[in-house]
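Below is one structure, written out as structure tokens; the observations come after it.
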Amino acid sequence: MIEPQIPKGFRDFLPQQMMLRRRLMATMSAIFERYGFVPLDTPCLEYARTLEGKYGEEGDKLIYRFEDRGGRAVALRYDLTIPLARVAAMYQLPKPFKRYQIAPVWRADKPQKGRFREFYQCDIDIIGESGACADAELLCVAHTVLQALGFDNYLIRINNRKILNALAERLGIATERIPDFLRALDKLDKTGPDAVLQDMQARGLLAGDAGRIVRDHLLAGGDNFEAVAALLAGSGDGSAGLAELELISRMLAADGVDGRYYKKDISLARGLDYYTGPIFEVVVTEPRIGSILGGGRYDGLIGLFTKQSMPATGISFGLERLVTVMEELGMHNQAGSLTQVLVTQFSADLMDDGVRLAALLRRSGLNTELYLAPDKLKKQLSYAASRGIPAVVVLGPDEARDGRATLKNMLTGDQDVLEQQRLAEAIRALLA
RNA sequence: GUGGGUGUAGCUCAGCUGGUUAGAGCGCCAGGUUGUGGCCCUGGAGGCCGAGGGUUCGAACCCCUUCACUCACCCCA
């Protein structure tokens with residue numbers, strides 16, 4: 001006998017979980033399509049060189065990489081963004097190209113709460129539009145999705161790499177040290193301003209009056225973009241970044257997104273190296289699970305695969321994290337059965353009548369299950385009850401004789417004998 | 001990659017300082033006669049106490065090793 005096991009960090013999705021997951025995916029797809037995004041899928045396997053070197057040092061270590069039978073270096077996709085960049089470079093797609101993709105990605109990470117080695121991302125990206133209007137639209141979609149799923153306690157954090165880069169320049173931080181700077185800055189929420197300042201000094205990032213500037217302007221308060229703006233007065237990149245944030249805020253407001261759902265946040269850094277402009281993240285406070293969505297603009301990325309440079313921006317929902325939050329907050333209401341009605345089997349010689357009746361109900365569009373053995377009625381009813389099937393049809397010799405059937409409402413226990421022709425209608429009324 | 005925690009029935013767990021046939025609740029199965037579930041009652045199945053080794057007259061319990069799961073850090077969805 002083989003010990004049944006699945007690899008660490010990988011999971012089976014049992015029907016109960018699948019119903020919730022499918023519901024989430026359906027909700028998201030519908031909203032994505034409402035905004036004009038079109039579906040795309042790509043293979044789970046890519047050549048390793050396509051993925052490697054795109055995610056930064058830490059990221060590269062987490063790529064599932066191996067050799068195929070022909071000795072080619074291949075890798076499981078790490079996210080949906082790089083494959084999209086590859087696609088954008090390979091095909092002449094009409095611009096702007098707005099696509100969505102809901103698919104699993106793989107990371108050789110150590111699993112923990114809300115983190116797995118195989119997990120689903122739900123991405124929307126816009127290729128070929130450099131204006132911040134595109135970035136803003138992504139956030140409008142994000143907000144719409146979260147609202148539709150019943151979320152209310154979340155914050156869309158918004159920042160801009162242009163601002164951060166200009167800031168680093170102003171502080172005299174060398175280009176190659178910027179990732180270090182961002183990493184330290186990113187911890188502001190977790191460890192507080194004092195620790196961040198200390199960390200930056202320990203890393204030797206702050207020379208001259210940089211320490212004072214960081215303390216007084218950067219870390220002083222949460223939303224101190226006025227101070228930041230003053231610091232970046234002379235910088236073209238910096239003011240461009242600030243203008244983009246302004247535009248994004250305006251558009252969110254115009255779209256009807258309440259101000260409490262989003263916030264410009266200078267300490268948002270994002271780990272990936274390839275971001276070039278606005279960057280985003282959505283965090284929830286309730287279960288401490290980190291971000292449920294991340295993304296940003298990556299204007300240089302597609303240029304790695306083609307000479308033609310293409311601006312692009314995108315966001316990625318973490319499906320498992322949405323699920324985790326919904327489960328912990330008890331947001332996953334009706335677990336309900338997909339089967340709407342169960343046709344019982346009274347005895348072996350009435351099987352044909354049962355099958356005929358079930359077929360009739362299915363033709364009328366009802367999800368109908370036929371009980372598969374002439375067990376005791378008690379057992380058949382228990383089956384329906386334990387699965388939450390709301391309606392049961394009993395077809396015994398009495399009913400069969402004159403073309404009728406008993407319809408039982410499993411919630412109330414009420415039951416009626418009806419003409420078989422009227423059954424579908426009655427079940428529909430019962431379900432409503 | 002670093003550091004904690006936990007592994008006993010399908011699930012959630014009990015099991016006193018090592019002492020005979022390892023328990024509960026829930027779930028599951030069967031029954032409480034004649035065509036009806038959810039409540040109640042009765043009965044039943046189900047455990048190499050994660051695995052391997054050691055100490056001991058004796059180990060679920062102590063020691064070592066190993067595996068699995070889990071949480072935190074790093075990083076991230």
Side-chain angles (χ1 to χ4, degrees), chain A residues 1 3-11 14 24 28 55-63 77-81 102-123 142 179 182-184 186-187 190-191 199 268-273 280-284 287-296 314-325 342 344-347 350 371 374-401 405-417:
Chain A
M1 207 179 76
E3 184 76 18
Q5 265 190 319
I6 53 174
K8 192 192 187 76
F10 289 70
R11 292 152 307 150
L14 300 182
L24 290 196
M28 281 195 261
Y55 303 110
E57 222 177 299
E58 293 293 324
D60 270 12
K61 283 191 285 194
L62 301 179
I63 296 175
R77 68 176 164 227
Y78 178 91
D79 67 4
L80 303 177
T81 307
I102 298 176
V105 301
W106 292 268
R107 293 182 192 178
D109 208 346
K110 191 160 176 174
Q112 57 180 273
K113 190 183 180 72
R115 174 184 295 189
F116 309 94
R117 287 183 170 170
E118 177 183 57
F119 62 97
Y120 275 71
Q121 291 196 323
C122 314
D123 278 34
L182 296 182
R183 212 164 298 144
D186 196 41
K187 296 209 176 68
K190 267 188 186 168
T191 61
D199 187 23
L268 174 66
R270 305 286 306 152
L272 296 173
D273 286 352
F280 336 100
E281 188 169 280
V282 175
V283 292
V284 290
R288 289 203 54 221
I289 198 171
S291 54
I292 55 175
L293 176 154
I315 57 172
S316 178
F317 293 84
L319 182 65
E320 347 295 315
R321 296 208 169 162
L322 293 175
V323 168
T324 303
V325 173
L342 175 79
T344 57
Q345 214 183 126
F346 194 86
S347 58
L350 279 171
Y371 196 89
D375 286 341
K376 294 179 136 184
L377 258 189
K378 178 188 174 80
K379 194 172 172 183
Q380 304 193 39
L381 286 165
S382 298
Y383 173 86
S386 70
R387 256 146 251 249
I389 299 173
V392 171
V393 169
V394 178
L395 183 60
D398 300 345
E399 295 94 329
R401 200 165 35 239
T406 300
L407 172 62
K408 184 179 176 88
N409 181 331
M410 292 299 283
L411 240 83
T412 61
D414 301 340
Q415 59 182 57
D416 271 310
V417 182

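Quick note on labels: first sequence line is chain A, next is B, and so on, each numbered from 1.
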For [X], which contact category applies under a 4.0 Å heavy-atom criterion: base, sugar-phosphate, or nothing?
X        : answer
A:Ile315 : nothing
A:Phe116 : base
A:Gly413 : base

Worksheet item: Under a 3.5 Å cutoff on both atom distances, Watson-Crick or G-U, what's the dot-bracket for RNA chain B ([ ] crossing, | other strand)?
Response: (((((((..((((.....[...)))).(((((.......))))).....(((((..]....))))))))))))....
Which residues satisfy the salt bridge (charged side-chain N to carboxylate O under 4.0 Å, His left out) test with [X], sequence neighbours excluded?
X        : value
A:Arg11  : A:Glu320
A:Arg117 : none
A:Asp416 : none

Worksheet item: Who are the ring-ring contact (aromatic ring centres under 6.0 Å, His included) partners of A:Tyr55, not counting sequence neighbours?
Response: A:Tyr78
I'd like a list of close polar pairs between nucleotides 1-7 of chain B and the protein, N/O only, cut-off under 3.5 Å.
unit_1	atom_1	unit_2	atom_2	d
B:U2	O4	A:Lys110	NZ	2.8

Between atom [atom1] in [X] and atom [atom2] in [N], what is the gap in whole Å?
X        : N     : atom1 : atom2 : result
A:Leu182 : B:C74 : CG    : C1'   : 16 Å
A:Arg77  : B:A77 : CZ    : P     : 15 Å
A:Lys187 : B:C73 : NZ    : C1'   : 10 Å
A:Asp199 : B:C74 : CG    : C1'   : 13 Å

Worksheet item: B:G37 base stacked by A:Tyr383? Criteria: ring centres under 5.5 Å, plane angle under 30°.
Response: no
Distance between [atom1] atoms of [N] and [M] (Å, rounded):
N     : M     : atom1 : value
B:C62 : B:G5  : P     : 14 Å
B:G47 : B:A9  : P     : 10 Å
B:C63 : B:C69 : C1'   : 23 Å
B:C16 : B:A60 : P     : 12 Å
B:U21 : B:C11 : P     : 26 Å
B:C64 : B:U70 : P     : 25 Å
B:G10 : B:C49 : P     : 12 Å
B:G3  : B:C76 : P     : 22 Å

Worksheet item: Is a side-chain donor-acceptor pair under 3.5 Å present for A:Thr406 with A:Glu399?
Response: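 Judged by distance alone, the side chains do pair up.
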Under the side-chain hydrogen bond (donor to acceptor under 3.5 Å, both in side chains) rule, collect the residues that match up with [X], sequence neighbours excluded.
X        : answer
A:Asp375 : A:Tyr371
A:Arg270 : A:Glu281
A:Ser291 : none
A:Asp60  : none

Item to complete: Go along nucleotides 26-36 of chain B 5' to 3' and tag each nucleotide: B for a protein heavy atom under 4.0 Å from its base, S when only backbone or sugar atoms are that close, - otherwise.
Response: ----SSS--BB
Worksheet item: Using a cut-off of less than 4.0 Å, is there contact between a side-chain N or O of A:Arg11 and OP1 or OP2 of B:C69?
Response: no
Worksheet item: At under 4.0 Å, does any side-chain N or O of A:Lys61 touch on OP1 or OP2 of B:C74?
Response: no
Item to complete: Using heavy atoms to find the nearest nucleotide of RNA chain B for A:Arg107 and A:Lys8 separately, return the residue whose nucleotide is more 5′.
Response: A:Lys8
Item to complete: Classify the side chain of A:Arg321 and the base of B:C76 as holding, or not holding, a donor-acceptor pair under 3.5 Å.
Response: yes
Practice prompt. Would you please name every residue forming a side-chain contact (heavy atoms from CB on, under 4.5 Å) with A:Thr344, sequence neighbours left out?
Written response: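 side-chain contact (heavy atoms from CB on, under 4.5 Å) list for A:Thr344, sorted by chain: A:Leu342, A:Leu377, A:Gln380, A:Val392, A:Val394.
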Practice prompt. Mind checking the NZ-CG spacing from A:Lys110 to A:Leu62? Nearest 0.5 Å is all I need.
Written response: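 It comes to 13.0 Å.
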